[in-house]
Amino acid sequence: MKDLLRPDLTFRLTGRLWVESADDRFIGIGRLELLRQIQQHGSISKAAQEMGMSYKRAWDLVSSLNAQSARPLVLTQTGGKRGGGTVVTPEGEALIAEFESLQARFQAFLAAEAVRLF
(Lines give C-alpha, C1' and ligand atoms only; values in the text may rest on other atoms or scores of the structure.)
Protein backbone atom coordinates (compact mmCIF):
# COMPACT_ATOMS: atom_id res chain seq x y z
CA MET A 1 0.00 0.00 0.00
CA LYS A 2 2.94 2.33 0.66
CA ASP A 3 3.41 2.98 -3.06
CA LEU A 4 -0.28 3.92 -3.46
CA LEU A 5 -0.21 6.77 -0.94
CA ARG A 6 0.87 10.33 -1.59
CA PRO A 7 4.17 10.93 0.21
CA ASP A 8 3.23 14.49 1.23
CA LEU A 9 0.30 13.25 3.34
CA THR A 10 0.41 11.56 6.73
CA PHE A 11 -1.82 8.53 7.15
CA ARG A 12 -2.90 6.62 10.23
CA LEU A 13 -4.85 3.46 10.81
CA THR A 14 -7.82 3.75 13.16
CA GLY A 15 -10.62 1.53 14.31
CA ARG A 16 -13.16 1.00 17.03
CA LEU A 17 -13.88 -2.23 18.79
CA TRP A 18 -17.08 -3.42 20.42
CA VAL A 19 -18.83 -6.64 21.33
CA GLU A 20 -22.41 -7.03 20.20
CA SER A 21 -25.18 -9.59 20.05
CA ALA A 22 -27.68 -9.90 17.22
CA ASP A 23 -29.99 -7.61 19.24
CA ASP A 24 -27.76 -4.87 20.63
CA ARG A 25 -24.25 -3.65 21.32
CA PHE A 26 -22.95 -5.15 24.55
CA ILE A 27 -19.71 -3.27 25.30
CA GLY A 28 -17.67 -0.63 23.55
CA ILE A 29 -15.61 2.40 24.51
CA GLY A 30 -18.65 4.46 25.58
CA ARG A 31 -20.15 1.78 27.79
CA LEU A 32 -16.72 1.05 29.21
CA GLU A 33 -16.33 4.70 30.16
CA LEU A 34 -19.81 4.71 31.71
CA LEU A 35 -18.88 1.72 33.88
CA ARG A 36 -15.65 3.45 34.94
CA GLN A 37 -17.55 6.63 35.83
CA ILE A 38 -20.11 4.64 37.84
CA GLN A 39 -17.23 3.00 39.72
CA GLN A 40 -15.71 6.38 40.46
CA HIS A 41 -18.87 8.25 41.45
CA GLY A 42 -21.13 5.50 42.80
CA SER A 43 -24.00 7.02 40.84
CA ILE A 44 -25.50 6.64 37.37
CA SER A 45 -26.64 10.25 37.51
CA LYS A 46 -23.18 11.59 38.35
CA ALA A 47 -21.57 9.29 35.78
CA ALA A 48 -23.95 10.55 33.09
CA GLN A 49 -23.33 14.16 34.07
CA GLU A 50 -19.55 13.61 33.93
CA MET A 51 -19.91 12.19 30.40
CA GLY A 52 -22.30 14.88 29.17
CA MET A 53 -25.03 12.30 28.70
CA SER A 54 -28.65 12.31 29.82
CA TYR A 55 -29.58 10.22 32.84
CA LYS A 56 -32.09 8.33 30.70
CA ARG A 57 -29.42 7.41 28.14
CA ALA A 58 -27.07 6.23 30.88
CA TRP A 59 -29.86 4.22 32.53
CA ASP A 60 -30.76 2.63 29.18
CA LEU A 61 -27.12 1.64 28.62
CA VAL A 62 -26.86 0.13 32.11
CA SER A 63 -30.13 -1.75 31.54
CA SER A 64 -28.82 -3.08 28.24
CA LEU A 65 -25.56 -4.21 29.83
CA ASN A 66 -27.39 -5.98 32.65
CA ALA A 67 -29.96 -7.56 30.30
CA GLN A 68 -27.26 -9.09 28.11
CA SER A 69 -25.09 -10.34 30.96
CA ALA A 70 -25.50 -13.67 32.74
CA ARG A 71 -25.25 -11.79 36.07
CA PRO A 72 -25.79 -8.10 36.84
CA LEU A 73 -22.86 -5.82 36.08
CA VAL A 74 -24.34 -2.80 37.86
CA LEU A 75 -26.58 -2.79 40.94
CA THR A 76 -28.63 0.16 42.14
CA GLN A 77 -30.10 0.88 45.54
CA THR A 78 -32.77 3.54 45.92
CA GLY A 79 -33.13 5.98 48.81
CA GLY A 80 -33.19 4.80 52.38
CA LYS A 81 -31.03 5.74 55.34
CA ARG A 82 -27.81 5.79 53.30
CA GLY A 83 -29.34 7.61 50.31
CA GLY A 84 -29.04 4.91 47.69
CA GLY A 85 -26.32 4.55 45.12
CA THR A 86 -24.92 2.41 42.37
CA VAL A 87 -22.12 -0.13 42.35
CA VAL A 88 -20.29 -2.01 39.63
CA THR A 89 -20.39 -5.68 40.63
CA PRO A 90 -17.37 -8.00 40.57
CA GLU A 91 -18.68 -9.27 37.22
CA GLY A 92 -18.77 -5.67 35.97
CA GLU A 93 -15.22 -5.15 37.19
CA ALA A 94 -14.17 -8.32 35.34
CA LEU A 95 -15.81 -7.00 32.17
CA ILE A 96 -13.94 -3.70 32.53
CA ALA A 97 -10.61 -5.50 32.91
CA GLU A 98 -11.29 -7.90 30.03
CA PHE A 99 -12.43 -5.21 27.63
CA GLU A 100 -9.49 -2.95 28.56
CA SER A 101 -7.15 -5.85 27.81
CA LEU A 102 -8.93 -6.51 24.51
CA GLN A 103 -8.66 -2.80 23.64
CA ALA A 104 -4.90 -2.83 24.34
CA ARG A 105 -4.40 -5.84 22.06
CA PHE A 106 -6.52 -4.20 19.36
CA GLN A 107 -4.47 -0.99 19.55
CA ALA A 108 -1.25 -3.03 19.32
CA PHE A 109 -2.65 -4.77 16.22
CA LEU A 110 -3.48 -1.41 14.63
CA ALA A 111 -0.01 -0.06 15.41
CA ALA A 112 1.67 -3.13 13.89
CA GLU A 113 -0.51 -2.94 10.78
CA ALA A 114 0.20 0.77 10.41
CA VAL A 115 3.94 0.06 10.37
CA ARG A 116 3.39 -2.61 7.73
CA LEU A 117 1.08 -0.46 5.57
CA PHE A 118 2.71 2.96 5.80
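None of the values given here were measured: they were computed from a predicted structure.
- The hydrophobic cluster containing Val19 also contains Ile96, counting ILVMFWY residues as joined when their side-chain heavy atoms lie under 4.5 angstrom apart, directly or transitively.
- In this structure, the side chain to side chain contact (heavy atoms under 4.5 Å, CB included) partners of Leu13, at least two apart in sequence or on a different chain, are Leu110, Glu113, Ala114, Leu117, Phe118.
- There is no side-chain donor-acceptor pair under 3.5 Å between Thr89 and Glu93.
- By the side-chain hydrogen bond (donor to acceptor under 3.5 Å, both in side chains) test, Arg36 pairs with Glu33, Glu100, sequence neighbours left out.
- Through ILVMFWY side-chain contacts below 4.5 Å, Val115 is grouped with nothing and stands alone.
- Of all heavy-atom pairs spanning Arg116 and Lys2, the tightest one is O-CE, 3.4 Å.
- Follow the hydrophobic side-chain contacts under 4.5 Å out from Trp18 and you never reach Leu34; the two are in separate clusters.
- When each of Leu65, Asn66, Val88 is tested with Pro72 by the rule side-chain contact (heavy atoms from CB on, under 4.5 Å), just one qualifies, namely Asn66.
- The CG atom of Leu73 lies 9.5 Å from the CD atom of Gln68; values are rounded to the nearest 0.5 Å.
- Interatomic distance, Leu35 CG to Leu95 CG, rounded to the nearest 0.5 Å: 6.5 Å.
- Across every non-hydrogen atom of Ala48 and Ala58, the tightest pair is CB-CB, 3.6 Å.
- Placement of Val74 and Met51 within a single hydrophobic cluster is found when ILVMFWY residues are connected by side-chain heavy-atom separations under 4.5 Å, directly or transitively.
- The distance from the CZ atom of Phe106 to the CG atom of Leu17 is 5.5 Å, given to the nearest 0.5 Å.
- Taking OG1 of Thr14 as the start and CD of Gln107 as the end, the distance is 9.0 Å to the nearest 0.5 Å.
- Among residues two or more places apart in sequence or in another chain, the side chain to side chain contact (heavy atoms under 4.5 Å, CB included) test is passed with Thr76 by Ile44, Trp59, Thr86.
- Hydrophobic clustering (side-chain heavy atoms under 4.5 Å, transitive across Ile, Leu, Val, Met, Phe, Trp, Tyr) groups Met53 together with Tyr55.
- Looking at residues two or more places apart in sequence or on another chain, you find a side-chain hydrogen bond (donor to acceptor under 3.5 Å, both in side chains) between Asp8 and Arg6.
- Looking at Asp60 and Arg25, no side-chain N of the basic residue comes within less than 4.0 Å of a carboxylate O on the acidic one, giving no salt bridge.
- No side-chain N or O of Glu91 forms a donor-acceptor pair with one of Ser69 less than 3.5 Å apart.
- In Phe109, the CZ atom is not crowded: 12 or fewer heavy atoms of neighbouring residues, nucleotides or ligands sit closer than 6.0 Å.
- Cluster membership check: Val62 does not share its hydrophobic cluster with Val87, using side-chain heavy-atom separations under 4.5 Å among Ile, Leu, Val, Met, Phe, Trp and Tyr.
- Residues that satisfy the side chain to side chain contact (heavy atoms under 4.5 Å, CB included) test with Ser43, not counting sequence neighbours, are Ser45, Lys46.
- Counting non-hydrogen atoms of neighbouring residues, nucleotides and ligands closer than 6.0 angstrom, the CD atom of Gln49 reaches no more than 12 such neighbours.
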